[in-house]
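Written below as structure tokens is the structure these notes are about.
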There are 4 protein chains.
Amino acid sequence: MAKRKLNKEDIFVATDSLLADVGYEGFHFKPLAEKLNVGRSTIYEYYSSKDDLLIAYMHHIMNQFMEDHEKIDQTTSVKRQMKELIYLFIKHDRILMAIDLTPHVEKNGSEQVQHVLQQLWSYHHLIFQRIKNLVAEGRKTGEIRTDLPVSLIEMMLFQSISLNKARSQEALEEWAAAIYELLFNGIKKNES
Amino acid sequence: MAKRKLNKEDIFVATDSLLADVGYEGFHFKPLAEKLNVGRSTIYEYYSSKDDLLIAYMHHIMNQFMEDHEKIDQTTSVKRQMKELIYLFIKHDRILMAIDLTPHVEKNGSEQVQHVLQQLWSYHHLIFQRIKNLVAEGRKTGEIRTDLPVSLIEMMLFQSISLNKARSQEALEEWAAAIYELLFNGIKKNES
Amino acid sequence: MAKRKLNKEDIFVATDSLLADVGYEGFHFKPLAEKLNVGRSTIYEYYSSKDDLLIAYMHHIMNQFMEDHEKIDQTTSVKRQMKELIYLFIKHDRILMAIDLTPHVEKNGSEQVQHVLQQLWSYHHLIFQRIKNLVAEGRKTGEIRTDLPVSLIEMMLFQSISLNKARSQEALEEWAAAIYELLFNGIKKNES
Amino acid sequence: MAKRKLNKEDIFVATDSLLADVGYEGFHFKPLAEKLNVGRSTIYEYYSSKDDLLIAYMHHIMNQFMEDHEKIDQTTSVKRQMKELIYLFIKHDRILMAIDLTPHVEKNGSEQVQHVLQQLWSYHHLIFQRIKNLVAEGRKTGEIRTDLPVSLIEMMLFQSISLNKARSQEALEEWAAAIYELLFNGIKKNES
DNA sequence: AATGAATGAGATTTCATTCAT
DNA sequence: AATGAATGAAATCTCATTCAT
């Protein structure tokens, strides 16, 4: 086996960390290479362009989420499903970042890229659709108020993904539960 | 016979519109100059650099918010104050955009810039502090639940700024009210 | 009028000279900029990419040729027309170089470029078709031998473009006449 | 248990084919290695650089030609010799490609390379000289017209090498004969 | 002998900024 | 005050070549 320093997994980790630090702009191969302790051009041995890398990264993140997402039992109550969904959002907090990358990459329409983007978009759509359906169902079953704009509820749920800054791994579930609590029952103290 | 074409106010308007359209990346002097119908170099007569312009813009946005913000009557109930604060967030939805600019500008530490940034940061801090105080007070007065993490409540309130996409001007108040409703009473239907 | 050093005509001249020196590869913006005594990036103010410049150059060359080409009286004898055509080839010896550029540029299919390429190709085609027609007609009128492969005659005529290396301007006509003589009557001494 | 996969002959064949396909630019070690089914770096075991390989290739092509060339009987008539020479050009159509490589390699003056280039140049020169001598002799013996520029006749003969695109192997001789016919007797139909 | 991996040099391109008028 | 023109720094990408196994 020859000189082996790098692998795609390493690159994902560094990409993730760099993106989290500086966002899409500011995401250049120079700092990425520095993080990985390799020459800038080495990365091109693994991904033939910046877009290529980002697409692969997005795919990776999305897939991880979709895998977990499919495990949610769709036969239980809306409340229960929403609780789980929120938990997933918190656990996979990178999807928001990944989704935010889409518009930047969409520009260059190189064949292959377009195809993967299509799939990513369908995932994105699926996630949002999932929320929409849950809210609609919750309204029917009387679990969710009908006097609030649906779009607001949907957006609020979706936004909850981004409420995860700097959480410790263990506390994830509790944090997700708290978000659920807040969204469902509000912050007002109910007199008992 | 100097053509009086341009003034700082015009530049702010164009900056705001361009930033809203394309975000920080994509914000270049070429399109900005096109929007203003002047030569690219003309803008340098008013701001000595891109950072300079952005700093001034951020300052402008912040000031507008702070002005309104000071009008909030701090002697009324926490609920009332929070309602008004949310309304202000919705009305001044540009502050989030302005705040997001900070990390991009921070890079180069040119003396003057650093000073203005400091002030902007203090504003940012002040806004967040305001939320913190309200939440703390609400907890004391029993208006706000104590079984939810304070930081979550604070973040959720702060995030509400970004829930303003594509609202019509008239509907602002209703939208703000809905957000308030959601946050305070939750999305769960209460059996009456 | 502001600092004016450069114009598109200058760039064409330098492009022509550089292409003649080093061909398509070896044609880089660095030496071109040096020839023009400007910074490398300055050229981008005039042409937004290397392809862009080359396309414009090809267009320029082709147009010059087509202009002259249309002046040929198509009602005279095949011999006369061919003589004139050969003269044009010699005079516009750059078209061969321009045509040779086509395959290099064709790769990147940016919208606008494709369109201009189409036109260039139609010119190229037109030129070759012109030769084909003349040869066919000459065979009918008995001016041209029928015992030689048509394609060979066509190729030989077309190749004559490239026989122009380092001719002095004044001698062009004589040189063209000599080529015509050679092609028509051969190099063999006819015993009179 | 070393896999005996590669030898210089294989590399020549692949080089020839790749050069014919894509020309000098486009001639990279990556596609070459793919054609050979070896790793890119393996080629360096045989040639220490791209230039090295190309020089060797040119040498190879030239030698093949020179070998055949020496077989031409220099005591027969000019016409006969010229006919044979044209045939050789057609048969060894690769020399033109090889000669075209020269300017690309000349750039870097690594000692060894320069020496081989010198030799190649002498071959090139020798070929052209051969034509020159034949033409001069033909003029003396009255086989060739003296009213045409010598240089034109020489160039025309030399150019005939490139008239070989896509000929089938069997037809080579006939094609060469046709070229000879055209050059010697012209394309004009002689009234019998 | 063969090769996977890494890399540095150089080419293309973008854009904020300066300069001369 | 306004601007057309020029430019340098930095980013993306390619490829010949080297290195360690």
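Quantities reported herein were computed from a predicted structural model and do not represent experimental measurements. Order of the sequence lines fixes the chain letters, A, B, ..., with proteins taken first and strands second; residue numbering starts at 1 for each chain.
Separating the CD atom in Q119(A) from the CD1 atom in I55(A) is a distance of 10.5 Å, to the nearest 0.5 Å. The line from OG of S122(B) to CG of L117(B) is 11.0 Å long, rounded to the nearest 0.5 Å.
Here the shortest heavy-atom pairing between E45(C) and R40(B) reads OE1-NH2, 4.4 Å. Summarising the geometry of D10(C) relative to L36(C), their closest heavy-atom pair is O-CD2, 3.7 Å, with the distance given to 0.1 Å. Across M58(A) and L101(A), no two heavy atoms sit closer than the pair SD-CB, 3.7 Å.
Between Y46(B) and dA2(F), a side-chain N or O to OP1/OP2 separation shorter than 4.0 Å is present.
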Annotated structure of DNA chain E as dot-bracket, pair cut-off 3.5 Å, Watson-Crick or G-U only, | for inter-strand, is .||||||||||||||||||||

Report, one line per pair, each donor and acceptor closer than 3.5 Å where one atom sits in a side chain of residues 12-28 of chain A; sequence neighbours left out.
{"residue": "T15(A)", "atom": "OG1", "partner": "I11(A)", "partner atom": "O", "Å": "2.7"}
{"residue": "D16(A)", "atom": "OD1", "partner": "Y57(A)", "partner atom": "OH", "Å": "2.4"}
{"residue": "D16(A)", "atom": "OD1", "partner": "R94(A)", "partner atom": "NE", "Å": "2.8"}
{"residue": "D16(A)", "atom": "OD2", "partner": "R94(A)", "partner atom": "NE", "Å": "2.8"}
{"residue": "D16(A)", "atom": "OD2", "partner": "R94(A)", "partner atom": "NH2", "Å": "2.8"}
{"residue": "S17(A)", "atom": "OG", "partner": "K35(A)", "partner atom": "NZ", "Å": "2.7"}
{"residue": "E25(A)", "atom": "OE1", "partner": "H104(B)", "partner atom": "ND1", "Å": "2.9"}
{"residue": "E25(A)", "atom": "OE1", "partner": "H104(B)", "partner atom": "NE2", "Å": "3.3"}
{"residue": "E25(A)", "atom": "OE2", "partner": "H104(B)", "partner atom": "NE2", "Å": "3.4"}

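E25(C) has its CD atom 17 Å from the C1' atom of dT12(E), to the nearest Å. Rounded to whole Å, atom P of dC15(E) lies 17 Å from atom CG of L53(B). Rounded to a whole Å, the OH atom of Y44(B) is 17 Å from the P atom of dA1(F). Across the protein-nucleic acid pair, Y47(C) atom OH and dT14(E) atom P stand 16 Å apart, rounded to whole Å. Put simply, CG on D51(B) is 12 Å from C1' on dT17(E), counting in whole angstrom units. Between I43(B) atom CD1 and dG4(F) atom P the separation is 12 Å, expressed in whole Å. Summarising the geometry, the separation between CD on E34(B) and P on dT3(F) is reported as 13 Å, rounded to the nearest angstrom. Here dT14(E) presents its C1' atom at 10 Å from CD of E45(C), a figure rounded to the nearest Å.
Cation-pi contact between K8(B) and Y47(B): present, with separation from the ring centre below 6.0 Å and deviation from the ring axis of at most 45°.
Comparing G39(B) and S49(A) along DNA chain F, the residue whose closest nucleotide (by nearest heavy atom) sits nearer the 5' end is G39(B).
Ring geometry for F65(A) versus H92(A): interplanar angle over 60°, hence perpendicular rather than tilted (30 to 60°).
Side-chain contact annotation: N7(A) with Y46(A), donor-acceptor N/O pair under 3.5 Å absent.
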Enumerate all atom pairs, one protein N or O and one N or O from nucleotides 9-11 of chain F, separated by less than 3.5 Å.
{"residue": "dA11(F)", "atom": "O3'", "partner": "H28(A)", "partner atom": "ND1", "Å": "3.3"}

